[in-house]
Q: 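This structure is in structure tokens; I'll ask about it shortly.
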Amino acid sequence: MGGLSAALAKAALACGATVKTNAAVESILTEDGNRVSGVLLDDGTEIGASIVLSNATPQVTFGSLVAQDVLPDDFRREIAGIDYSSPATKINVALDRLPSFEAHPQPGPHLGCTIHIGCENMASLHAAYLDAECGRSSSVPLVEMTIPSVYDPWLAPPGRHVASLFVQYTPYAPRGSGWTSETKNELADRVFDLIDRYAPGFTASVVGFEVLTPPDLEAIFGLTGGNIFHGDRKSG
């Protein structure tokens with residue numbers, strides 16, 4: 001986990017770059033009207049640069065970090081028009097053993113793949129989507145499971161594992177109480193119960209879990225709307 005970031009940092013350092021972490025950017029600096037000149041950190045430090053690359057969302061980059069008066073009006077309208085609504089919640093799970101699926105009970109290469117659950121037909125997917133459109137989490141969600149500890153044993157103690165569950169569909173703000181500890185736990189229980197249908201004993205193997213709803217993903221990772229794709233990628 002994090003291997004790509006570490007590899008990029010290593011390559012950059014080898015080329016003479018300086019890597020500065022835990023340094024939040026307050027704004028992207030410009031000069032001469034619209035030419036970038038560097039960044040301003042939240043501690044007041046200025047770092048000059050003729051090119052600034054940002055992996056933040058377009059809304060954060062051009063809506064928050066760059067002064068609005070240096071951007072063309074039509075460009076700002078396009079940025080403001082991007083749809084960041086996200087239907088996905090991430091559940092990180094600690095397990096005391098590998099899941100055993102009825103279709104293939106023994107450990108094998110299938111546990112190193114992305115495993116899709118709850119998507120046998122279009123009717124069930126459509127019903128799950130309509131639940132979220134009505135402001136509630138899907139009664140029968142679509143779950144994408146990966147078990148990264150199959151490849152990286154350092155992620156868990158010997159004999160233990162971690163699973164990552166990408167769950168659809170969940171609204172940004174559920175009607176009624178919104179996201180609370182109770183509604184998060186209710187969603188996790190529903191997801192675990194669904195997995196139990198395919199891998200009996202999964203719930204019993206859970207020793208801990210973390211539910212990251214769209215607002216959590218936005219707050220923790222700076223993903224506008226909790227959208228992991230940085231907005232709707234449809235054109236037009």
Q: For A88 and P214, work out which heavy atoms get closest and say how close.
A: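 Taking A88 first and P214 second, the nearest heavy atoms are O-CG, 3.3 Å.
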
Q: Any non-hydrogen side-chain atom of P200 less than 4.5 Å from a side-chain atom of E102?
A: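 With C-beta onward as the side chain, the pair touches.
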
Q: Going by heavy atoms in the side chains, are K90 and V167 under 4.5 Å from each other?
A: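 K90 vs V167: side chains apart.
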
Q: Where the side chain of D131 meets the backbone of S139, is there a donor-acceptor pair that is under 3.5 Å apart?
A: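 Yes; judged by distance alone, with no hydrogens or angles, the pair exists.
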
Q: Between F209 and L165, does a side-chain contact (heavy atoms from CB on, under 4.5 Å) hold up when you go through it step by step?
A: CA-CA 10 Å; F209 64 90; L165 308 179; over 6 Å; no

Q: Once ring pair (Phe, Tyr, Trp, His ring centres under 6.0 Å) is applied, do any residues pair with Y172, and if so which ones, sequence neighbours excluded?
A: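 Once residues adjacent in sequence are excluded, Y172 has no partner under the ring pair (Phe, Tyr, Trp, His ring centres under 6.0 Å) criterion.
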
Q: Quick one, V36 and S50 - any side-chain contact, counting heavy atoms below 4.5 Å?
A: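 V36 does not reach S50 side chain to side chain.
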
Q: When rounded to the nearest 0.5 angstrom, what is the spacing between CD in E46 and CD in E26?
A: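 Reported to 0.5 Å precision, the distance equals 11.5 Å.
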
Q: Considering residues, nucleotides and ligands other than E182, do more than 12 of their heavy atoms fall under 6.0 Å from its CD?
A: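 Atom CD in E182 is not packed in, count stays at 12 or less.
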
Q: Look up atom CG in D73 and atom CD in Q68, then write down how far apart they are to the nearest 0.5 Å.
A: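 Here the interatomic distance stands at 10.0 Å.
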
Q: Same hydrophobic cluster for I79 and L71, using side-chain heavy-atom links shorter than 4.5 Å among ILVMFWY?
A: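 Yes, one cluster joins them.
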
Q: Any chance you could measure L212, atom CG, to T170, atom OG1, to the nearest 0.5 Å?
A: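 It comes to 11.0 Å.
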
Q: Give, for atom CD1 of I51 and atom OG of S37, the distance between the pair rounded to the nearest 0.5 Å.
A: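 It is 13.0 Å, given to the nearest 0.5 Å.
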
Q: Which atoms form the tightest heavy-atom contact between S137 and L187, and what is the distance?
A: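 Residues S137 and L187, closest heavy atoms: CB-CD1, 4.1 Å.
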
Q: Would a hydrophobic clustering, with Ile, Leu, Val, Met, Phe, Trp and Tyr connected at side-chain separations under 4.5 Å, put V191 with L98?
A: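 Yes; L98 is reachable from V191 via cluster members.
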
Q: So if you build clusters from Ile, Leu, Val, Met, Phe, Trp, Tyr with side-chain heavy-atom gaps below 4.5 Å, do I117 and Y129 land together?
A: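 As far as the 4.5 Å side-chain criterion goes, Y129 and I117 are not connected within one cluster.
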
Q: Return yes if some donor-acceptor pair links the side-chain N/O of N92 with the main-chain N/O of E210 below 3.5 Å, else return no.
A: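 Not a single qualifying donor-acceptor pair exists.
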
Q: With a 4.5 Å heavy-atom cut-off, do E218 and T224 have their side chains touching?
A: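 Yes, at least one pair of side-chain atoms sits under 4.5 Å.
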
Q: Sequence neighbours excluded, which residues qualify as side-chain hydrogen bond (donor to acceptor under 3.5 Å, both in side chains) partners of R197?
A: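 Per chain and number, R197 pairs via side-chain hydrogen bond (donor to acceptor under 3.5 Å, both in side chains) with no residue.
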
Q: Does T114 use its side chain to pair, donor to acceptor, with the backbone of T146 at less than 3.5 Å?
A: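 Not confirmed, T114 side chain does not pair with T146 backbone.
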
Q: In the structure I gave you, are the side-chain heavy atoms of L29 and V39 within less than 4.5 Å of one another anywhere?
A: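 Side-chain contact under 4.5 Å: no.
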
Q: State the CG-CG distance between L125 and L130, to the nearest 0.5 angstrom.
A: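 Interatomic distance, L125 CG to L130 CG, rounded to 0.5 Å: 11.0 Å.
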
Q: Would you name the heavy atoms of G118 and S124 that are closest together and state the gap between them?
A: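 Between these two residues, the closest heavy atoms are O-OG, 3.9 Å.
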
Q: Could you go through T183 and S177, starting from their C-alpha distance and side-chain angles, then the distance that decides it, and tell me whether this counts as side-chain contact (heavy atoms from CB on, under 4.5 Å)?
A: CA-CA 8 Å; T183 55; S177 61; 3.5 Å; yes

Q: Do you know which two heavy atoms are closest between C119 and H116, and how far apart they sit?
A: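 Shortest heavy-atom separation between C119 and H116 comes out as SG-CB, 3.6 Å.
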
Q: One pair to check against salt bridge (charged side-chain N to carboxylate O under 4.0 Å, His left out): D74 and R77. What are the steps and the verdict?
A: CA-CA 5 Å; D74 57 346; R77 284 193 293 269; 5.5 Å; no

Q: Measuring from atom CG of L95 to atom NE2 of H161, what distance do you get when rounded to the nearest 0.5 angstrom?
A: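 It comes to 8.5 Å.
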
Q: Looking at G231 and I82, what are the two nearest heavy atoms and their distance?
A: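 Minimum heavy-atom contact is CA-CG2, 3.9 Å.
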
Q: Report yes if some heavy atom in the side chain of W179 is under 4.5 Å from a heavy atom in the side chain of V211; otherwise report no.
A: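 In short, these two side chains do not touch, never coming nearer than 4.5 Å.
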
Q: Take V66 and S27 through the side-chain contact (heavy atoms from CB on, under 4.5 Å) test and state the conclusion after the steps.
A: CA-CA 6 Å; V66 176; S27 64; over 6 Å; no

Q: Distance-only, no hydrogens or angles: does the H104 side chain make a donor-acceptor pair with backbone N or O of Q106 under 3.5 Å?
A: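 It does hold such a pair.
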
Q: Hey, does the side chain of S138 reach the backbone of Y169 with a donor-acceptor pair shorter than 3.5 angstrom?
A: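 Here the side-chain-to-backbone pair exists.
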
Q: Do the ring centers of Y198 and F101 come within less than 6.0 Å of each other?
A: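 No, the ring centres sit 6.0 Å or more apart.
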
Q: Check whether any side-chain N or O of D196 sits under 3.5 Å from a backbone N or O of F202 as a donor-acceptor pair, and report yes or no.
A: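 Yes: the side chain of D196 pairs with the backbone of F202.
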
Q: Taking Y84 for the side chain and Q59 for the main chain, is one N or O donor matched with an acceptor at less than 3.5 Å?
A: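 Confirmed, Y84 side chain pairs with Q59 backbone.
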
Q: In the structure I gave you, are the side-chain heavy atoms of I228 and F221 within less than 4.5 Å of one another anywhere?
A: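 No - every pair of side-chain heavy atoms lies 4.5 Å or more apart.
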
Q: Can you give me the closest heavy-atom contact between P148 and A163, atom names plus distance?
A: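 So the minimum-distance heavy-atom pair works out to CD-CA, 4.4 Å.
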
Q: Establish whether F229 and L217 are linked, either directly or via other cluster members, by ILVMFWY side-chain heavy-atom contacts under 4.5 Å.
A: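 The answer is yes; both residues are in one hydrophobic cluster.
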
Q: Could you state whether V162 and I115 fall into the same hydrophobic cluster, counting links through intermediate Ile, Leu, Val, Met, Phe, Trp or Tyr residues with side-chain heavy atoms under 4.5 angstrom apart?
A: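 Different clusters.
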
Q: Taking the side chain as everything from C-beta on, heavy atoms only, tell me whether V60 gets closer than 4.5 Å to L65.
A: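 They are in contact (side-chain heavy atoms under 4.5 Å apart), so the answer is yes.
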
Q: For residues 184-195, which residue pairs pass the side-chain hydrogen bond (donor to acceptor under 3.5 Å, both in side chains) check, not counting sequence neighbours?
A: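 Listed once each, the pairs are K184-D216.
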
